[in-house]
Amino acid sequence: MSTTPKNQEDRYSPAFIEPKWQTYWDEHHTFRSVRRPGHPKLYVLDMFPYPSGAGLHVGHPEGYTATDIVARHARMKGVDVLHPMGWDAFGLPAEQYAIQTGTHPSQKTKENIENFRRQLKMLGFSYDWEREIDTTQSDYVRWTQWIFLQIFHQGLAVQSEIPVNWCSELGTVLANEEVIDGKSERGGHPVQRIPLRQWSLKITEYADRLVHDLECVDWPDTKLKQINWIGRSEGCEIEFAVDQYPSSLRVFTTRPDTLFGATYVVIAPEHPLVETISAASCKDAVRAYVQAASARSDLDRVATSKDKTGVATGAFARHPLTGEKIPIWVADYVLGSYGTGAVMAVPGHDERDFVFAQKHDLPIIEVVSPDGSLSESLLSPFIEDGISVRSGAFDGLPTPEMKRRIIDHLERHHLGKASVSYKLRDWVFSRQRYWGEPFPIYFPVEVANDGDPRKGDPHTIRYDQPIAVDESELPVNLPDLHDFRPSNDPRGPLARALDWVFFQRDGKWFARETNTMPQWAGSCWYYLRFLDPRNDKRPFSEQSYDDWMPVDLYVGGSEHAVLHLLYARFWHKVLFDIGLVKHREPFHKLVHQGMILGENNEKMSKSRGNVINPDDVVREFGADALRAYEMFMGPLEQVKPWKTSGIQGVRRFLERVYKLCLSSEAEAKADEATLRLVHKTIKKVGDDIEAMHFNTAVSALMILSNHLSTLQPVPMDAARTLVLLLSPITPHLAEELWQRLGGTPSVSLQPWPTYDEALVREDVVEIGVQVNGKVRGRIALARDASEDEALALALEQENVRAHVPDGSVRKIIYRPAQILNIIVAK
RNA sequence: GCCGAAGUGGCGGAAUGGCAGACGCGGUGGACUCAAAAUCCACUGUCCGCAAGGGCGUGAGGGUUCGACUCCCUCCUUCGGCACCA
């Protein structure tokens, strides 16, 4: 080996130095978050992981390295940084593992957390580990339940009967994605849509604020996704009287201007009036249709959406303006859960109504025309704005005005009113699972004299009278079940823990809620618990809130763009309303890291055999190489494929840095070119980190290192600066080199180097010379040189002169330090 | 279908109105070596040319500008999200 180092210690050996500095940081509490008066603060938050059995994925270190670099850089700039980590540890996989192995989910969860913690520590993230939290621990669950109670007391947590995909064979409720053709995806068991008692949170009451407050946060397109998800639409509700029936049918429409074109009314199969208004002659057909529709999941309904099925109810509605008799149909293209569950069908101006009307031979009337002229018949629905026609006294009005006039007319005659609908539904908040937070709710139990519901004596649980557990009795811990399996009891596995469910107080029996909260609950407020994670009096102190909130930077995957980020914002707003938090929005700046694909450009997955395991990468290349490589791959937000040859290149770079730093000499002085490059790099790396352009920061460090390695000897001052600039990205390497270059640990506590503006600005610049916009040469000149000087220099060049015949110059464009463009006559 | 993002060498990417391709990977040639690996040095968009140099070139087409990867319009493709929301 030609480059054999003098001894083993002079070789870059991440396997040795990385654990060494991780231990050092732990022992010295290097990254403990402390708030010092008069210093700026930065709360840098990662989306905390679900500690799965598979361990860390290479996608995790991507976002985590990005935030770590920001945090480490800020600390060196004198900023107080809160950079915590924890575990979103409730959830299905641990429960399923428990069912398979007969162990308790907490056991597997604990093991997984230990593995995740080991892996994160192995990557050298500068978390304040003293603030670690685990959503399944009772001192965390206690406050999750406490917040639920605040939501409950605000009247925002209510029970209702909601149709869900219930599979009695599997003993559980299934997600829409898990139901295919009315059968369970796994096992092919029948699935029914049955209404079950569920808790829901009234997030729709916050819909407008959830849209509006997005204005003040620095988020990517996620804002638009949320706005679309909430799907606010303005329109009106209109009453249609039903023939032979006392109450009326209410429909929601965004096109009241097309009211004169309504030729029939459609109600959803779930509509409460379906059964009652159906004519005797149609009842059987209607029942069969409703039955068939309920066997289909939402997803399944959509899949066959081209075919618009439906049956007539035999009932008729009265058109509110013309009094005409129009038929009422049942069809599953109308959703029971949106608007009023009923629509006025205007086939002339709605695609779905048009298709349905054609199929079922219902009349199609044109009431909006592009130019006000009448058409004999419509070959396709006209859905754009236009001029109202065939609308009686309203003829000739343009669509927007027509809408206002119709709503106004309906309101004055008590036939309808303006109204807003949202695609967003209230949040079904209960799960029939074991491994989740119990609800801090119980219910009175009616039981015959001396009966004991625990022994199966007849009893009735009064679900209509929920009682909040007293705050002093929190947390309500999970009972120690041995069998977590779901059963055909829709109350969930907790219902089997009879001694836990039922209790007596003042001689009366009560039953606990046996549903548990969904996995989202814990992640809805964890950023607040990090402020003050060991507080046993309150979720967090006011002081800690003022110290650190809001979250300045929040980084995580875009798969959470709507659900988690919407739920957390909703809870935050409820807490805002009760005065617990002081900002409207919790997360100021949001960034989503892009997915890392396998080497074959496909999504990493076990089945594709292209999964990269961080443990293997660290063993082979080191944590610093992994960190630097993931940052160097490309822009953080972008999807990028993994390349082993790429991380090899980064590893080579780190080895060159190591070697050149150790060969540096304290007496060596940097020449001016070196000094200028050092200062430019200080500026570039600092600016890039702040802009989160980590790929170009690494590139700038490579350029500096390439330059320094051409020097003989390498000036130690320059090497030390290189080490400081590298330290947020490759902290272990930097600590080791800092110490070896005579610095006092920790490099993480050193001030970030400053640059001299005069050295960053080149005095002599090289600019391109264009003739008619084409580059014909380059000249070096003072950055403030005059146009005449530049032109003279340019014309000294043979190639430039060749393109500029005498007397042909028409115009000169000169931008100092940028470009000289000579325009000549052709 | 609707909403959003992105299209630049063989590959990851850089440049956000001023010298296109920084930096890295890969490739080619060379040094070192008995040899290989590792390392180091040089070259590496494409076409024409011995060279000097020139033509072309940032998905396609148009426009604005002295000048466009960058701004505007139309279209194509890819990716992400939503999807009977009346």
Side-chain angles (χ1 to χ4, degrees), chain A residues 1-4 220-225 227-229 231-233 235 251-255 258 266 268 298-299 301-302 304-306 308 331-335 337-346 349-353 355-356 383 421-425 558-559 561-562 592 594-595 601 628-629 632-635 637-650 652-653 655-656 659 693 695-703 705-706 709-710 766-779 798-799 802-803 810-815 817-824:
Chain A
M1 221 186 277
S2 63
T3 55
T4 306
D221 313 317
T222 309
K223 275 189 193 184
L224 274 165
K225 277 191 193 169
I227 290 168
N228 290 340
W229 185 265
R232 180 193 154 95
S233 51
V251 306
F252 173 77
T253 181
T254 56
R255 293 296 301 273
T258 62
V266 191
D298 285 347
L299 207 70
R301 275 204 207 178
V302 171
T304 54
S305 65
K306 276 143 246 154
K308 299 249 177 300
D332 68 2
Y333 82 89
V334 172
L335 304 176
S337 49
Y338 180 76
T340 58
V343 301
M344 63 178 206
V346 185
H349 306 284
D350 181 278
E351 290 190 39
R352 299 149 299 185
D353 297 343
V355 171
F356 191 82
I383 54 179
S421 275
Y422 301 93
K423 289 210 279 193
L424 181 71
R425 306 293 147 84
S558 60
E559 65 271 23
V562 277
H592 299 301
M595 206 195 323
N601 257 295
Y629 171 60
F632 185 61
M633 290 172 88
E637 298 89 334
Q638 198 165 299
V639 176
K640 318 160 269 270
W642 180 272
K643 287 271 182 261
T644 297
S645 57
I647 191 171
Q648 256 154 2
V650 169
R652 279 198 286 270
F653 160 61
E655 276 169 11
R656 281 197 297 272
K659 203 154 59 172
H693 294 162
N695 53 330
T696 49
V698 174
S699 159
L701 289 162
M702 286 174 169
I703 292 169
S705 133
N706 286 348
S709 51
T710 63
E766 204 173 42
I767 66 170
V769 178
Q770 297 179 334
V771 179
N772 286 354
K774 280 199 191 306
V775 181
R776 299 297 179 183
R778 315 155 54 114
I779 52 173
E798 212 173 302
N799 198 39
H803 288 89
R810 285 290 159 80
K811 192 174 173 186
I812 305 287
I813 287 117
Y814 175 57
R815 295 277 176 278
Q818 283 180 21
I819 202 80
L820 174 68
N821 191 2
I822 304 167
I823 310 303
V824 301

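The chains referred to below are lettered A, B, ... by the order of the sequence lines, with proteins before strands, and numbering in each begins at 1. Please read all numbers here as calculations on a predicted model, not as lab measurements.
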- Considering only side-chain heavy atoms of D221(A), which listed nucleotide, A86(B), G4(B), G53(B), is closest?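 So the nucleotide nearest the side chain must be G4(B).
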
- Message: Nearest to the L335(A) side chain among A86(B), C66(B), C23(B), which nucleotide is it?
- Response: A86(B)

- Message: Working note: R656(A) + R652(A), criterion side-chain contact (heavy atoms from CB on, under 4.5 Å); need CA distance, chi angles, decisive distance, verdict.
- Response: CA-CA 6 Å; R656(A) 281 197 297 272; R652(A) 279 198 286 270; 4.1 Å; yes

Look at the side-chain N and O atoms of [X] and state whether any lies under 4.0 Å from the OP1 or OP2 oxygen of [N].
X: Y333(A); N: A86(B); answer: no
X: R652(A); N: C25(B); answer: yes
X: H803(A); N: G54(B); answer: yes

What is the distance, rounded to the nearest whole Å, between atom [atom1] of [X] and atom [atom2] of [N]?
X: N228(A); N: A83(B); atom1: CG; atom2: P; value: 10 Å
X: K774(A); N: G55(B); atom1: NZ; atom2: P; value: 6 Å
X: Y338(A); N: A83(B); atom1: OH; atom2: P; value: 13 Å
X: L224(A); N: A5(B); atom1: CG; atom2: P; value: 8 Å
X: K308(A); N: A86(B); atom1: NZ; atom2: P; value: 14 Å
X: E798(A); N: A51(B); atom1: CD; atom2: C1'; value: 14 Å
X: Q648(A); N: G24(B); atom1: CD; atom2: P; value: 15 Å
X: F653(A); N: G24(B); atom1: CZ; atom2: C1'; value: 11 Å

- Query: How should the glycosidic conformation of G10(B) be described, syn or anti, under the criterion that syn lies within 90° of 0?
  - Reply: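 G10(B): anti glycosidic orientation.
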
Between [N] and [M], how far is it from one [atom1] atom to the other, in whole Å?
N: A20(B); M: C69(B); atom1: P; answer: 9 Å
N: G81(B); M: G26(B); atom1: P; answer: 33 Å
N: G7(B); M: G17(B); atom1: P; answer: 16 Å
N: G54(B); M: G4(B); atom1: C1'; answer: 43 Å
N: G21(B); M: C40(B); atom1: C1'; answer: 25 Å
N: G80(B); M: C72(B); atom1: P; answer: 26 Å
N: A31(B); M: A22(B); atom1: C1'; answer: 27 Å
N: C43(B); M: C11(B); atom1: P; answer: 22 Å

- Task: Decide if atom CD of E559(A) counts as having more than 12 heavy atoms of other residues, nucleotides or ligands within a radius under 6.0 Å.
- Result: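 Correct, the count exceeds 12.
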
What is the pairing partner of [N], taking Watson-Crick or G-U wobble pairs with both distances under 3.5 Å in any strand?
N: A5(B); value: U78(B)
N: G53(B); value: C48(B)
N: C71(B); value: G63(B)
N: U16(B); value: none
N: G29(B); value: C41(B)

- Task: Would you indicate whether the side-chain heavy atoms of I779(A) and I767(A) approach each other to under 4.5 Å?
- Result: yes

- Task: Return the minimal non-hydrogen interatomic distance between G773(A) and N821(A), and the atom names on each side.
- Result: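 Nearest pair, atom of G773(A) first, then N821(A): N-OD1, 3.1 Å.
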
- Query: Shortest non-hydrogen contact from N228(A) to K423(A)?
  - Reply: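 Minimum heavy-atom contact is O-CE, 3.3 Å.
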
- Task: Give the B/S/- string for nucleotides 12-22 of chain B, one per nucleotide from 5' to 3', where a protein heavy atom under 4.0 Å of the base yields B, of only the sugar-phosphate yields S, and otherwise -.
- Result: BSS---BBS-B

- Item | Worked check of side-chain contact (heavy atoms from CB on, under 4.5 Å) between I819(A) and Q770(A) | CA-CA 8 Å; I819(A) 202 80; Q770(A) 297 179 334; 3.9 Å; yes

Which part of the nucleic acid, if any, lies within contact of [X], taking any heavy atom under 4.0 Å across all strands shown: a base, the sugar-phosphate backbone alone, or nothing?
X: G339(A); value: nothing
X: S233(A); value: sugar-phosphate
X: D353(A); value: nothing
X: R232(A); value: nothing

- Message: Test side-chain contact (heavy atoms from CB on, under 4.5 Å) on Y338(A) and R425(A); report intermediate values, then the result.
- Response: CA-CA 8 Å; Y338(A) 180 76; R425(A) 306 293 147 84; 3.7 Å; yes

- Item | Comparing M702(A) and D350(A) on RNA chain B - which has the more 5′ nearest nucleotide |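 Looking at RNA chain B, the more 5' nearest nucleotide goes with M702(A).
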
- 5′-ward residue of the pair G646(A)/K225(A) relative to RNA chain B: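 Closer to the 5' end of RNA chain B: G646(A).
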
- List the steps and the verdict of side-chain contact (heavy atoms from CB on, under 4.5 Å) for M344(A) and T258(A). CA-CA 10 Å; M344(A) 63 178 206; T258(A) 62; 3.7 Å; yes

- Message: I need the H803(A) NE2 to I822(A) CD1 distance, nearest 0.5 Å.
- Response: 11.5 Å

- Taking the six-membered ring of Y333(A) (Phe, Tyr or Trp), confirm whether the NZ or CZ of K308(A) is under 6.0 Å from its centre and within 45° of its axis.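 Verdict for Y333(A): a cation-pi partner in K308(A).
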
